[in-house]
Asker: 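Pasting in a structure now, in structure tokens, and then I'll have a few things to ask.
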Protein chains: 4
Amino acid sequence: MPRTPRAQTDKRQRILQGAIEAFSDQGFHRTRVSDVARAAGVADGTIYLYFRNKDELLATIFETTLDRFWQRGEEHLASAEDPVEEMQRLVSLHLRFLGEDRRLASVFQVDLRHSVTFLGEVSRRVLRRYLERVAEIIERGQVLGRFVPGDSMQLAGMVFGVLDSLATTWVLSRRNYRLESQIPLAQSFVGRALLPEPAA
Amino acid sequence: MPRTPRAQTDKRQRILQGAIEAFSDQGFHRTRVSDVARAAGVADGTIYLYFRNKDELLATIFETTLDRFWQRGEEHLASAEDPVEEMQRLVSLHLRFLGEDRRLASVFQVDLRHSVTFLGEVSRRVLRRYLERVAEIIERGQVLGRFVPGDSMQLAGMVFGVLDSLATTWVLSRRNYRLESQIPLAQSFVGRALLPEPAA
Amino acid sequence: MPRTPRAQTDKRQRILQGAIEAFSDQGFHRTRVSDVARAAGVADGTIYLYFRNKDELLATIFETTLDRFWQRGEEHLASAEDPVEEMQRLVSLHLRFLGEDRRLASVFQVDLRHSVTFLGEVSRRVLRRYLERVAEIIERGQVLGRFVPGDSMQLAGMVFGVLDSLATTWVLSRRNYRLESQIPLAQSFVGRALLPEPAA
Amino acid sequence: MPRTPRAQTDKRQRILQGAIEAFSDQGFHRTRVSDVARAAGVADGTIYLYFRNKDELLATIFETTLDRFWQRGEEHLASAEDPVEEMQRLVSLHLRFLGEDRRLASVFQVDLRHSVTFLGEVSRRVLRRYLERVAEIIERGQVLGRFVPGDSMQLAGMVFGVLDSLATTWVLSRRNYRLESQIPLAQSFVGRALLPEPAA
DNA sequence: CATGAATGAGCTTTCATTCAT
DNA sequence: CATGAATGAAAGCTCATTCAT
């Protein structure tokens, strides 16, 4: 009897996981709802008991993934001693997180931007939430004079661009390497870019 | 009599322009061929006299745009005195070019990456061509000790990420600002990121 | 519960029957899939749950009909005392079978030959199967000296031509007569044609 | 100046010849008007100066070919001494005529019957004309007691079936043989089939 | 007369979504 | 809750036909 909520969660999760697998193979648009159903081991119609439609499936992946990202992220960032170290940790967090699940990363890198046209608010919110958190780190660093001055959202956007580009390259690459291997590179690139100009 | 070649070019151009308008409104996938036809002021079937299918329409936009980009670009970069200045010019070139035509930029920012999954070689080639040219600038700067050492393609990828992110933000933004206004910001960000570490 | 297998068979049959009706009215090429759907009382898409495409619909009609033909045929032929009688029975079988369902006959007479160009192997196989069985009867009769000597497949082809022509004439005719009424005529025509030359 | 009617005829002929080539390659339905135009070496639109539409192209082929057939046929048949010989000559005429031009034969064997559904009267007329002439031979033979009694149109239909079947087999065959080689076979088959029963 | 670029109706097929069981 | 057969709207593409040149 207390099985129902549990089973519900299970099935919901299985569907989401199936969706990630299916979407990552062919991209969101090429994927049929029945592909998701097969990957999840449920009937087509069952998906509609848990999600309003196919779009909501993608939106949910974005939102819950970002929830997980920040849940783990906050722990990781909390132990940083200053904004500079926090930024370094953010870089490694971002790349490590995506690097752990190539299929998930594929969905994020290939379909997130693209979905802005049809998921509207959802994609926007996911991106904004990320940027605002990064901007906040930058602002604290700027106050301490450790980061270059300037619009923190714009700077956050460029930091995001660096990491996003590395992740996309990794996802689309046919070579076999770990995304984590790019962490030092990214850290030094971002580190330098945020450095305040020498007093000179 | 000189109507045929002229008219042909015209119609082809009108179709491409119509495609850019239509794709930028809804994204490539949401756009029907008949939308493109309407925007171009031609019949549906006419499109197939000039392009094999809907995909080729997008691929052509990518390739011809990049041709135009580098055609203008090489002139602009040629007058640079050294790799550092050349990189600055690249930054301004990139943002200025996209900033001139928001609809075109929208197609590039939203559909280019996404299309890697279905346009395959075309998207890849367009991106690679860009990155290789940037990497070449970086290499020359590295030889002169003006840029940080490291894999030039990886560095080029991160530079691209910065500019790409600014362009995407602009395209998706509801605020009204010119992408060119971001040039100084981007130049200083990229400039710092590529700076060789001080001798310390 | 026993609805699924039963319903499935039903629906498949209804679609095939609808196809026969539709094809016989306008011929295969002039018939739209939606015509078949309407005649079968199902939605367009339902057809594709049971058949890969429009061609397969026609191919299935050919193959299953010939299966039924020979299933009934073998019984009928089995009771013949000698090859001569067997040939007479084949003639009546052929004309009686087609004469029972004018719509089905129409599809066979009008579209079977024509489809050789696009259904390829299927049409060929259906025809070959028929001819080989007839040739076999002829060979047995030749051994007994009851039939004229000569290539049995060529003779079978001509026998087929006689029956086929009668069937086509019937299908295309506006007059109202039963194809069975032609049986004695055909039997005597074919009978004489296969008669070995008198010792003279 | 007297060139115009000449040129007209030429072009009309070239189009018809192009149509035969094109239709025989792929069948009438699979052939595009532009295929005919290319084969004839004219522009698409030109075809519509000489023929009302694609159907009329096929109808004209049927009718003019049958004109040529009987034109030559009457000469050939005229020299027969009696209806029996005339029938033998008809058989050889039929197979020889089709055997001379495999492409033309292909159009006749594959598309003539099929066209009854969309060419209506034309196909019917072509067939009827043939059958009536054959029936007339049979009737004369019956009067002389040289042919089996019975409805002459029905007998003509079966004779046609024999020849038609041989022609179709030849057209569809992948083996390489001349249709003329079947003349003796057909003559003896038809000859026997029409033989009046021995007085016995 | 001849051209061939342009048209747009019409076709097959797909697939997200529903709902009877 | 779960199923999956059934639906039917929607979309890309073809090609017979037209007509301005």
Side-chain angles (χ1 to χ4, degrees), chain A residues 3-4 7-8 11 15 29-38 41-57, chain B residues 1-4 7-8 10-12 15 29-38 41-55 57, chain C residues 1-5 7-8 10-12 15 29-38 40-55 57, chain D residues 3-4 7-8 11 15 29-38 41-57:
Chain A
R3 185 188 147 243
T4 309
Q8 272 207 24
K11 198 152 282 186
I15 291 169
H29 269 106
R30 282 237 194 292
T31 302
R32 288 161 298 187
V33 171
S34 65
D35 292 335
V36 175
R38 193 171 344 100
V42 301
D44 294 18
T46 305
I47 290 177
Y48 290 85
L49 297 176
Y50 295 90
F51 301 93
R52 202 171 14 230
N53 53 36
K54 193 184 163 194
D55 284 0
E56 201 183 86
L57 223 37
Chain B
M1 295 149 232
R3 179 200 158 232
T4 306
Q8 276 211 20
D10 267 10
K11 198 147 285 184
R12 215 186 123 89
I15 292 170
H29 271 108
R30 279 265 198 274
T31 303
R32 287 161 299 177
V33 172
S34 64
D35 293 334
V36 175
R38 195 171 342 100
V42 300
D44 292 20
T46 305
I47 290 176
Y48 292 87
L49 295 177
Y50 294 90
F51 302 93
R52 216 183 344 254
N53 52 37
K54 196 183 157 195
D55 283 3
L57 222 40
Chain C
M1 293 152 242
R3 178 200 161 235
T4 306
Q8 275 210 22
D10 268 11
K11 199 148 284 184
R12 215 185 121 89
I15 291 170
H29 271 108
R30 280 264 197 275
T31 302
R32 288 161 298 176
V33 171
S34 63
D35 292 335
V36 175
R38 193 168 347 96
V42 301
D44 292 19
T46 305
I47 290 176
Y48 292 87
L49 294 177
Y50 295 90
F51 302 93
R52 219 186 339 257
N53 53 37
K54 195 183 157 194
D55 282 3
L57 221 40
Chain D
R3 185 187 149 242
T4 308
Q8 271 209 26
K11 199 152 282 184
I15 291 171
H29 268 106
R30 282 238 194 292
T31 301
R32 288 161 298 187
V33 170
S34 65
D35 293 334
V36 176
R38 194 171 344 99
V42 301
D44 294 18
T46 305
I47 289 176
Y48 290 85
L49 297 176
Y50 294 90
F51 301 93
R52 204 172 13 233
N53 55 35
K54 194 184 163 193
D55 285 1
E56 201 183 86
L57 223 37

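Just so you know, these numbers come straight off a predicted model, no measurement behind them.
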Asker: Side chain of D/Ala43 only, heavy atoms from C-beta on: which candidate in F/dA16, E/dT3, F/dG12 is closest?
Answerer: E/dT3

Asker: In this structure, how many angstroms lie between the P atom of E/dA5 and the CD1 atom of B/Ile15, rounded?
Answerer: 13 Å

Asker: Rounding to a whole Å, what distance do you find between B/Arg52:CZ and F/dT14:P?
Answerer: 11 Å

Asker: Using the side-chain heavy atoms of D/Leu49, tell me which of these nucleotides is nearest: E/dA2, E/dT13, F/dG4.
Answerer: E/dA2

Asker: Could you check which nucleotide pairs with E/dA20 in any of the strands shown, counting Watson-Crick or G-U wobble with both distances under 3.5 Å?
Answerer: F/dT3

Asker: How close or far is atom P of F/dA6 from atom CZ of C/Phe51, stated in whole angstroms?
Answerer: 12 Å

Asker: Could you tell me the separation between the CG atom of D/Asn53 and the P atom of E/dA9, rounded to a whole number of Å?
Answerer: 19 Å

Asker: Does D/Tyr50 place a side-chain N or O at less than 4.0 Å from the phosphate oxygens OP1/OP2 of E/dA2?
Answerer: yes

Asker: If you check the A/Tyr48 side chain, which of F/dG12, E/dT17, F/dT17 turns out closest?
Answerer: E/dT17

Asker: What's the closest nucleotide to the B/Lys11 side chain, out of E/dA6, F/dA2, E/dT17?
Answerer: E/dA6

Asker: Compare the minimum distances between each of E/dT3, F/dC13, F/dT3 and the side chain of A/Thr46, then state the nucleotide with the smallest one.
Answerer: F/dT3

Asker: Check whether any side-chain nitrogen or oxygen of A/Lys54 sits under 4.0 Å from OP1 or OP2 of E/dT17, and answer yes or no.
Answerer: no

